Amino acid sequence: MSKPEVLVLQHATWEKPGRILSYLEECELPVQTLSIATQKKPDLPDFDEVAGLVVMGGPMGATDFDKFPGLKAEAKLVRAAISVGKPVLGVCLGHQIIATALGAKLHSGDPQIGIGSIKRVDKHDYFSMWSKNLAVLNWHSDTVSLPQDAQLLARSERTKVEAFRFGSALGMQFHLEVTPQLLEEWLEEPMMVKQLKAARGSKSQLREAYAEANSMIAPLAESVFSGFAARCATYSKALSR
């Protein structure tokens with residue numbers, strides 16, 4: 001059997017794993033990135049050789065199965081991974097895919113783009129906020145309810161479920177993965193710029209706010225993503241026995 005790999009599901013070329021990939025590479029974990037949202041029957045790797053699953057963000061809705069039939073396969077993969085304890089990490093759309101796969105409701109609302117504060121609700125090793133309130137990067141309009149039996153970890157004034165854990169899965173509505181370099185890529189992407197302007201934001205304001213908040217974002221990202229990578233490495237070793 002080849003060395004187990006971490007599967008990254010990407011939904012837009014600019015919605016890259018960023019910091020997540022850095023910590024997976026530090027653990028010397030092979031990574032395969034796939035874009036399957038438009039495929040009715042996607043060709044997925046052998047489930048038994050997947051050491052972890054990362055579900056990234058994207059511009060579509062988590063339950064928009066008519067336009068993006070591959071999202072059904074993603075939800076099925078999420079449920080299967082959780083059922084056997086594989087580490088699962090969801091960011092923004094990925095967070096919503098995990099939640100709705102577990103029975104949560106998806107809600108559409110006004111765009112929330114920029115730096116905002118999240119509030120710690122509960123503590124868990126998967127998501128360890130060292131302060132009651134922390135600034136993070138938001139870029140979404142859809143939100144989700146809390147899946148039944150899930151542990152709510154963080155919320156904000158506008159979003160009731162900012163982070164949650166269910167079994168081996170962690171979902172985060174916000175973007176810890178975005179580095180300064182990746183942010184610049186986002187700000188060159190026409191779709192993202194259009195969304196930013198619709199939310200009455202500007203590139204200069206977002207750059208300035210992000211630069212100020214990054215001193216809080218980066219340590220939390222390190223905690224979350226290094227922990228996820230470590231769990232994937234442990235799971236990989238178990239598969240290789």
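Just the heavy atoms: all of them, side chains too, but no hydrogens, waters or symmetry mates, feed the values below. Just so we're clear, the structure is a prediction, and the values are computed from it rather than from any experiment.
Residues forming a side-chain contact (heavy atoms from CB on, under 4.5 Å) with Lys119 (at least two apart in sequence, or on another chain): Lys132, Asn133. His11 is linked by a ring-ring contact (aromatic ring centres under 6.0 Å, His included) to nothing, counting only residues two or more places apart in sequence or in another chain. Under the side-chain contact (heavy atoms from CB on, under 4.5 Å) criterion, Thr33 pairs with Val8, Gln10, Val31, not counting sequence neighbours. Listed by chain and residue number, nothing satisfies the ring-ring contact (aromatic ring centres under 6.0 Å, His included) test with His107 (two or more places apart in sequence, or in another chain). Taking Glu189 as the reference, Trp14, Met191, Met192 meet the side-chain contact (heavy atoms from CB on, under 4.5 Å) condition, with sequence neighbours excluded.
In this model, a donor atom of one side chain and an acceptor atom of the other lie less than 3.5 Å apart for Gln112 and Thr159.
The backbone N or O of Val50 lies less than 3.5 Å from a partner atom in the side chain of Lys86, making a donor-acceptor pair. Using a distance-only test at 3.5 Å, with no hydrogens or angles considered, no donor-acceptor pair links the side chain of Gln173 to the main chain of Lys160.
In this structure the side chain of Leu77 reaches within 4.5 angstrom of the side chain of Phe47, judged on heavy atoms. Considering only heavy atoms from C-beta on, Val91 stays 4.5 Å or farther from Val55 through its side chain.
Residues Val88 and Ile97 share a hydrophobic cluster, clusters being chains of Ile/Leu/Val/Met/Phe/Trp/Tyr side chains in contact below 4.5 Å.
Both tests do not hold together for Lys40 against Phe65: distance to the six-membered ring centre under 6.0 Å, angle to the ring axis within 45°. Under the 6.0 Å distance and 45° angle rule, Arg231 counts as a cation-pi partner of Tyr126.
To the nearest 0.5 Å, atoms CG (Leu53) and CD1 (Ile98) are separated by 7.5 Å. Rounded to the nearest 0.5 angstrom, Ser145 OG and Leu102 CG are separated by 10.5 Å. Going from atom CG of Leu134 over to atom CE of Met129 covers 4.0 Å, rounded to the nearest 0.5 Å. Considering CG of Leu206 and CG of Leu183, their distance stands at 5.0 Å, rounded to 0.5 Å.
Every pair passing salt bridge (charged side-chain N to carboxylate O under 4.0 Å, His left out) that includes a residue from residues 6-28 is listed here, sequence neighbours excluded: Lys16-Glu185.
Centroid-to-centroid, the aromatic rings of Phe174 and His140 stay 6.0 Å apart or farther.
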